[in-house]
Protein chains: 2
Amino acid sequence: MRPLGAQAELLRVLGHPVRLQILEELTKGVKCVSDLEEFLEIPQSNVSQHLSLLRRYGLIDYYMDGRLRCYYLVDPIIPDLLHVLKRDYPEQLPPPACCPVTKKGRYPGKRRH
Amino acid sequence: MRPLGAQAELLRVLGHPVRLQILEELTKGVKCVSDLEEFLEIPQSNVSQHLSLLRRYGLIDYYMDGRLRCYYLVDPIIPDLLHVLKRDYPEQLPPPACCPVTKKGRYPGKRRH
DNA sequence: CTCATATATTAGAATATTATCATATTTTAA
DNA sequence: TTAAAATATGATAATATTCTAATATATGAG
């Protein structure tokens with residue numbers, strides 16, 4: 001299991017709409033920068049910046065194919081995380097059972113919002 | 001499925017070691033602020049700030065029990081995401097099969113790193 | 001070799017996040 | 001009603017993130 005700091009870092013890196021879309025695309029297959037540029041409709045330099053960030057954190061890598069840089073997924077947790085994100089969930093978890101006791105609290109009754 | 005922006009936002013909110021630990025604790029059961037303060041060993045005001053952020057994004061809620069605020073999980077995706085984060089994975093995904101073709105690229109051979 | 005294509009890098013401004021510290025609020029107990 | 005406990009809020013400084021624009025680099029074609 002990766003250490004806590006690395007878990008948080010991973011989520012922070014994923015927590016950007018452009019990077020999420022890039023990773024989603026890469027789960028479908030290898031893509032070069034200009035594929036992604038066209039798909040994302042943002043400036044090429046910005047695409048490159050996001051790709052370079054994703055690579056710095058070890059989530060993706062690339063190989064050269066002619067003059068194209070072909071990016072692909074490297075971190076196996078990505079597809080699983082994306083899958084969970086796309087699942088449908090009931091609105092809310094059921095509220096905790098009546099009067100659970102926290103470590104500190106022993107207060108009876110008078111429970112309200 | 002929640003919209004892309006909301007997905008990214010969710011991950012960004014999760015992407016902090018303190019908030020990850022708070023959520024992890026809350027998957028085990030209801031906790032009041034001072035429980036968390038003791039567990040996290042950071043200033044109470046900082047705990048409250050993280051809790052308030054988590055609540056603003058609808059991930060947790062609380063009820064009052066005497067003078068304690070008892071926080072609990074509300075968003076059902078949280079346990080699933082935490083579970084994936086804790087799974088063990090092989091080092092890397094297998095590299096893409098030989099010579100995949102990107103949308104743009106049709107280049108043969110000369111593939112290298 | 002030179003050029004065009006594909007992509008990366010850098011600098012900078014705008015904005016967002018975070019922790020700290022001080023203070024305020026709320027609630028129960030005395 | 002006052003005090004103490006539990007928790008929240010606000011201001012601020014430090015830091016990090018993000019996008020834009022301009023420029024640099026690398027590669028294959030001719």
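Here is how names work: the chains are called A, B, and so on, in the same order as the sequence lines, proteins then strands, and each is numbered from 1. Since we're looking at a predicted model, the values are computed, not measured.
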Phosphate OP1/OP2 of [N]: any [X] side-chain N/O under 4.0 Å:
| X | N | value |
| --- | --- | --- |
| A:S48 | C:dT9 | no |
| A:R69 | C:dA8 | yes |
| B:Y62 | D:dA8 | no |
| B:Y71 | D:dA6 | no |

Discussion item. Counting only side-chain heavy atoms from C-beta out, which of C:dT9, C:dA6, D:dT7 sits nearest to A:S52?
Written reply: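 Of all the options, the side chain of A:S52 is nearest to C:dT9.
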Item to complete: Start with the C-alpha distance between B:S34 and B:E38, add both sets of side-chain angles, then the distance that settles side-chain hydrogen bond (donor to acceptor under 3.5 Å, both in side chains), and finish with yes or no.
Response: CA-CA 6 Å; B:S34 39; B:E38 177 184 330; over 6 Å; no
Worksheet entry | Gap between atom CD of B:E37 and atom NZ of B:K31 - 0.5 Å precision |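 Answer for the NZ-CD pair, B:K31 versus B:E37, is 15.0 Å.
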Worksheet item: About how many Å separate CG of A:L85 and CG of A:L23, when rounded to the nearest 0.5 Å?
Response: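 So the CG of A:L23 and the CG of A:L85 are separated by 10.5 Å.
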Practice prompt. Using only heavy-atom distances, decide whether a donor-acceptor pair under 3.5 angstrom links the side-chain of B:Q44 to the base of D:dA8.
Written response: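 Side chain to base: pair found, below 3.5 Å.
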Worksheet entry | Salt-bridge contact B:D35-B:R69 (side-chain N to carboxylate O under 4.0 Å) |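 No.
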Discussion item. Could you tell me if the side chain of A:R56 sits less than 4.5 Å from the side chain of A:V13, heavy atoms only?
Written reply: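 When only atoms from C-beta onward are counted, A:R56 and A:V13 do not touch, as no gap falls below 4.5 Å.
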Worksheet, complete the sentence: With B for base contact, S for sugar-phosphate-only contact and - for none (protein heavy atoms under 4.0 Å), nucleotides 15-21 of chain D reads --SSBBB
Worksheet item: What do the steps show when you test A:Y72 against A:Y63 for side-chain contact (heavy atoms from CB on, under 4.5 Å), and what is the final call?
Response: CA-CA 8 Å; A:Y72 57 91; A:Y63 60 83; 3.6 Å; yes
Worksheet item: To the nearest Å, how far apart are A:M64 CE and D:dA26 C1'?
Response: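 Those two atoms, CE and C1', are 7 Å apart.
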